[in-house]
Structure formats: structure tokens, C-alpha cells
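No experiment lies behind these values; they were computed from the predicted model shown. Residue numbers start from 1 in every chain, and the chains themselves are labelled A, B, ... in the order their sequence lines are given, proteins ahead of strands.
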Amino acid sequence: MRTVQTSPVELAPPLRLVDVSKRYDSGAGGEVVALSHVDFAVAYGEMVAVIGPSGSGKSTMLNILGLLDEPTSGRVELRGQPTVGLTEKQRTDARRESLGFVFQDFHLLPTLTALENVRLPTAFLPGDATDRARDLLERVGLGDRLDHTPDELSGGQKQRVAIARALVNEPDVLLADEPTGNLDRETGTSILEEIRRITDEEDVGVVAVTHDDLVTDYADRTVELVDGVIQDG
Amino acid sequence: MAENGRRFPALSLATRNLSRQRLRAGLAALGIVIGVFAVVTLGLLGNALSVAATEELGGLGDQVIVSPAEGSDAESLDARDLAAVQRAADGRGTVVPLKTTGGTVRASGGRTVAQVYGTDSPQALFGNGSGIVPAFHRQGAIVGADVAEDLSLRPGSTITVEGNEYRVVSVLPEVQSISPLQPDSAVVLPPDEFATSGYSQVVVRADSAADARAVADEVDRRLNARQERVSVFSLTSVLDRIAEFFDLLNGFLLAVAGVSLVVAGVSIFNVMLMTVSERRGEIGVLRAVGIHRKQVLRTLLVEATLLGVVGGAVGAVLGVVAVVVTATQTELPLWAVLLPGNALVPLGAFAFGVLVALVGGLYPAYRAAWEPPVEALRG
Ligand SMILES: Nc1ncnc2c1ncn2[C@@H]1O[C@H](COP(=O)(O)OP(=O)(O)O)[C@@H](O)[C@H]1O
Ligand SMILES: [Mg+2]
């Protein structure tokens with residue numbers, strides 16, 4: 001567990017966007033503004049819901065937060081440090097050390113068991129994350145499915161494996177892009193409960209993106225995006 | 001992924017991925033199997049043939065035959081010529097002066113035309129592998145295998161050559177290798193039986209092909225300086241030509257086989273390209289969760305290389321087996337296949353197969369590993 005209030009660095013939010021814009025060339029000289037002057041931060045242990053209609057820039061925002069993409073202007077701060085100018089290698093390390101990802105279509109490796117999938121982010125690291133992976137799987141209720149491959153698991157179970165994988169590296173923030181998008185409402189609800197519970201236990205910040213409002217019931221805070229602009233209110 | 005997976009994550013991930021598309025992986029490896037098989041069989045057969053042929057023709061290259069030059073007055077070589085040849089061949093081989101004529105040979109079993117040689121040292125020319133060729137030849141006749149068979153001759157039989165009777169003292173064994181003299185259809189008599197005093201040719205049995213070349217040059221220098229007295233015949237240059245031909249043939253066969261390996265490389269390239277485009281999302285996830293581009297690259301290269309290792313090993317083993325079986329079923333001598341130096345062929349072909357697979361996987365792996373994860377994940 002983290003001690004929240006000691007040094008100034010610890011006081012900085014784990015992940016923050018400052019005046020971030022993202023524009024895409026849409027061919028024929030046109031431009032799509034996916035994000036426009038977005039200011040955003042998430043705190044340790046906080047769960048933020050980002051909602052908005054399809055095409056409003058939610059995934060773009062999450063990718064920029066996740067150091068998978070770079071803003072056209074503005075800056076991304078990781079634990080108070082700007083990330084501009086990091087090499088691809090440094091960004092990859094930063095993702096592995098500080099961030100966890102959950103995707104709409106689970107994105108588990110079909111050849112690996114649940115346990116191996118959870119361990120995957122640490123595969124090329126020295127040391128053995130098996131105990132941590134097993135512990136996480138037990139905590140998401142899959143203690144009896146450790147050696148099952150994804151095709152032997154239901155959608156909800158796959159997403160639980162993905163949540164465990166996102167947390168295996170003890171990240172500061174978990175980024176979830178439509179985590180319930182491929183699940184029925186009931187399963188989606190239980191997944192959100194799971195994310196909420198386990199990230200509270202781990203004191204991990206969460207940014208969860210959805211196009212429906214299911215997630216807002218579990219979030220500490222909801223941010224609405226419309227055409228790349230954060231709505232006040 | 002147990003213990004290995006933790007120690008060699010790239011290898012473990014790669015083998016899992018290969019097992020996912022067994023048929024496709026098998027077909028890609030089959031290309032390497034065929035390519036390596038072709039290189040090994042053609043390479044080994046080419047080598048073995050060349051070695052066997054050189055062995056067969058080897059005796060030819062060691063002989064230098066000195067005879068009166070065409071167009072010169074002399075019908076035969078005299079004692080001075082012989083002495084010159086002997087000096088030229090000193091320390092490099094054995095000199096055998098030879099009288100030659102054609103003649104009819106009669107015996108109770110019939111008659112035949114034979115090459116009649118006159119020499120007192122038949123061993124130097126016809127070998128003594130069977131232990132029956134006398135070192136010095138003073139009386140009687142030595143007959144070649146064909147002559148003996150045609151006339152049903154055995155040691156002790158009597159033959160008539162050009163009106164004179166001789167007892168057969170020994171029968172030459174059938175000769176396997178090619179030789180400018182034709183021992184099989186020859187009758188060898190003591191030189192005194194010939195009316196002429198000169199020699200129709202002087203044969204030098206050199207100790208090696210290099211010696212033969214040196215002797216030929218030296219004889220030429222000594223006897224043909226002022227005028228063309230003798231013609232010096234040596235097959236070393238013909239042998240060189242034959243060796244060159246085999247080199248060319250081997251090179252060509254290997255090139256053909258090499259092309260089939262390159263085709264195999266293209267099929268690996270193709271399969272890896274398919275694989276990585278199907279697994280774009282997965283590779284994007286690997287990158288997103290903090291696995292480096294080079295680690296992804298390594299995993300994919302291990303995957304491609306494994307196809308080459310398995311295909312290459314199978315191809316090399318099958319190729320060696322095929323050539324050994326061929327050798328046991330044909331005239332090709334097995335020893336020429338099993339020379340230690342020939343081990344380089346399957347080893348080299350295996351290494352080449354692995355390399356081809358690695359190179360085939362390079363671009364697809366690079367492209368996949370360097371793709372920005374956002375794009376890979378968008379699918
Ligand atoms: N790589 C890209 N190239 C061009 N336009 C893009 C690209 N990625 C996203 N966009 C555009 O940016 C806008 C926001 O997209 P996105 O962030 O995926 O929205 P959401 O996740 O809210 O549905 C959309 O108009 C989309 O078409
Ligand atoms: Mg989206």
C-alpha cells in the first residue's frame with residue numbers, strides 16, 4: 001500500500017493531461033480534432049468514468065493517458081513528470097511500471113493459460129510473478145481456473161483475467177477502454193464491481209471509458225466528452 | 001510455460017504460437033525440409049561422384065607416356081632418349097621402357113588380336129594387386145584378362161604370338177580403372193622377344209599427379225629443346241579438366257538446390273507475414289503491457305528460426321539417409337559418401353536452412369514489432 005501524503009512527488013497525481021489536443025489528418029487536407037484542450041487528472045485509488053458518444057475522443061484520450069499515443073499539443077505527466085521526449089523504450093518501460101490496460105475484446109493470448117496471461121507483462125523480467133498472478137486470479141474469483149486457456153473461459157471470466165493481468169505489475173493507474181462493451185449488462189456490472197473493489201484494495205487509480213452510463217454508478221467522478229471537449233458540470 | 005517459460009520467454013511464446021497453426025507451420029517447415037534435402041542429396045552425390053571418379057581416373061593422371069614425335073624421322077626411342085627420361089623422372093617415379101606392336105595370338109581355344117607389349121618390369125605398369133605379376137619378366141607371356149578369357153588361357157597354357165610359342169606365366173586381373181595402356185587385351189612379352197632395339201614408348205609411372213606434370217615438363221625440356229623429337233603425353237591436364245567439370249557440375253547442382261531453399265525462405269516470409277497480420281492485436285497487447293519492440297522481434301524471429309531448425313534437421317537427416325541408400329543400391333562406392341569431409345554438406349545445408357528461415361522472418365517480425373501499438377490494437 002502506498003502512503004499518499006509524504007513527499008511532493010507523491011502528491012502529484014499519477015497521471016495527468018494538461019491542455020491536451022489531438023488532431024488527425026483526414027485526407028484531402030481536412031483535419032479531425034479528436035481531443036481539444038483537455039485538462040484531466042486521476043488520483044491514486046480514484047475511479048473516474050469517461051463517457052461520451054461514439055467518436056467523441058474517449059479512446060484517443062485513453063491511448064494518450066496510456067502512453068500509447070502522443071498528443072498533438074499539450075502534455076502528459078506521469079507522477080508529476082512530463083513524458084514528452086521519452087524514447088519508445090522509455091515509454092514501454094513506463095507502461096510496464098506504472099500502467100495497466102483492460103480492453104473491450106479482452107485481448108488475452110489464446111495459447112496461454114489464465115495464469116500465464118496474467119504473468120505475461122512480467123515475462124521478460126527477471127524474477128517470478130507467479131505468486132502475485134495466482135493471488136490476483138484468486139481475488140477475482142478464478143482460483144480454480146488458473147490453468148484454463150481463454151477458449152475455456154466465459155466472457156466475464158476472460159475480462160477478470162484481463163483485470164488481473166492489468167494489475168500484476170502493481171500499476172498506479174488502470175486504464176479500461178469499454179471494459180463491459182462485449183459483455184451483457186449483468187456480467188458488465190459484476191466486472192465493474194470487480195474493478196472497483198480490487199483497485200480500492202490496491203489503491204490504484206482507474207480511468208474507465210464507456211459509451212453507456214453503467215460505469216457512472218461505480219465511479220467517484222464522471223467526465224463527459226463531446227467532440228473531443230470535456231463538458232463542465 | 002513452467003520453468004522454461006520463465007527462463008526463455010521468447011522460446012516458450014514462439015513454440016506456443018507455432019503449435020497454434022500446426023498445418024501452416026508444418027508446410028512452412030516442409031519447404032525448408034525439401035530445400036535442405038535437395039542441397040544435402042545433390043551436394044553429397046556430387047562430392048561422392050567426383051571423389052569416386054577421381055579415384056577411378058587417378059592412375060591415369062600419374063602416367064607420362066613418351067613416344068617418338070610424329071613427323072620426326074625416328075620410329076623408336078633410343079637408349080639416349082631413355083636415359084634422358086630416366087634423369088627427368090629421377091626421384092619422381094618409375095620409368096618403364098616399352099616395346100609395342102599389334103599381333104595375332106593363337107591358342108588351342110582360338111585366335112584373337114592383341115596389343116603386344118615388351119617390357120621386363122610389368123609390375124610397374126600393371127600393378128601387383130593380385131600378387132601374380134612378376135617383378136622381372138624374362139620368359140613366357142603375361143596375358144590380359146580379356147585375352148585369357150577369349151582363348152581360355154590359364155597359367156601354363158601355351159600361346160603362339162607372331163609364329164613364336166610362349167608359355168603363359170600369369171594372367172593379369174581384370175583392370176577396373178581407365179589406363180592409356182589396355183592391359184585387358186594385352187600380351188606382355190620379355191623385351192628380348194622383339195626384333196627392334198629401340199622402344200616404341202617410355203612410360204613413367206609418377207608418384208603423384210604433380211610429379212607426372214613435373215616429369216612431363218622436364219622431358220619436354222630435355223628432349224624437345226632444339227627440335228620436336230618426342231611427344232609427351234600426360235593425362236594430368238585432362239584430369240584437371242575433369243575435376244573442373246565436376247566442380248562446375250557440383251556448383252550447378254548446389255545452385256539449383258539453393259534456389260529451392262530460397263523458395264522455402266519466401267514461404268517462411270509469407271507464413272510469418274500471415275501470422276503477424278493475424279496476431280496484430282496480440283502483438284499490440286504485448287507492446288501495451290510493456291514488452292519491448294526488440295523482445296517482440298526476438299519472439300517472432302525465434303518462431304521463424306524454429307521452423308528452419310526443425311525443417312533443416314529433418315531435411316539433413318533424410319538427405320544423408322537417401323544418399324547412403326543410393327550408394328548401397330548403385331555403383332557409387334559408400335566410402336566416397338562417408339568421407340569425414342562430407343559431413344560439412346549436411347551441416348552447411350542445415351545452417352543455411354536455419355539462416356534462410358531467420359532471414360525470411362526478419363521483415364515480417366520487424367514490421368510487426370515496430371508497428372505502433374495504438375494501430376495494432378485498433379485492429
Ligand atoms: N488514427 C486515426 N486517424 C484518423 N482519425 C482518427 C484516428 N483515431 C481516431 N480518429 C478519429 O478521432 C475521433 C475520436 O475517435 P475515438 O477516440 O476512437 O472515439 P471514441 O473512442 O470516443 O469512440 C473520431 O472522429 C475518429 O474517427
Ligand atoms: Mg473507443
Proximity of residues 24-34 of chain B to chain A, residues having a non-hydrogen atom under 4.5 angstrom: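 No residue falls under the 4.5 Å cut-off.
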
Exercise for review: Using heavy atoms and a sub-4.5 Å threshold, report which of residues 288-310 of chain B line up against chain A, by residue number.
Suggested key: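 Heavy-atom contacts from residues 288-310 of chain B to chain A are B:Ala288, B:Val289, B:Gly290, B:Ile291, B:His292, B:Arg293, B:Gln295, B:Arg298, B:Thr299.
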
Other residues, nucleotides, ligands: >12 heavy atoms within 6.0 Å of [X] [atom1]:
X        : atom1 : value
B:Arg241 : CZ    : no
B:Tyr366 : OH    : no
A:Asp227 : CG    : no
B:Phe252 : CZ    : no
B:Arg367 : CZ    : no

### Task
Please examine the side chains of B:Arg378 and A:Ser59, heavy atoms only from C-beta on, and report whether any two atoms are closer than 4.5 Å.
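When only atoms from C-beta onward are counted, B:Arg378 and A:Ser59 do not touch, as no gap falls below 4.5 Å.
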
Expected contact set for residues 91-101 of chain A against chain B at heavy-atom separation under 4.5 Å reads A:Thr92, A:Asp93, A:Arg95, A:Arg96, A:Phe101

Practice prompt. Under 4.5 Å heavy-atom distance to chain A, tell me which part of B:Pro372 shows up: side chain, backbone, both or neither.
Written response: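 Contact with chain A is absent: no heavy atom of B:Pro372 under 4.5 Å.
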
Roughly how far apart are [X] [atom1] and [Y] [atom2], rounded to 0.5 Å?
X        : Y        : atom1 : atom2 : value
B:Leu286 : A:His107 : CG    : NE2   : 11.0 Å
A:Leu109 : B:Leu13  : CG    : CG    : 7.0 Å
A:Asp69  : B:Glu375 : CG    : CD    : 8.0 Å

**Study point:** side chain to side chain donor-acceptor pair (under 3.5 Å) against A:Ser154, all qualifying residues, sequence neighbours excluded
**Key:**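 Partners of A:Ser154 by the side chain to side chain donor-acceptor pair (under 3.5 Å) criterion, ordered by chain and then number, come out as A:Gln157.
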
*asked:* Evaluate B:Glu282 against A:Thr111 for side chain to side chain contact (heavy atoms under 4.5 Å, CB included), listing each step before the verdict.
replied: CA-CA 11 Å; B:Glu282 283 171 36; A:Thr111 53; 6.0 Å; no

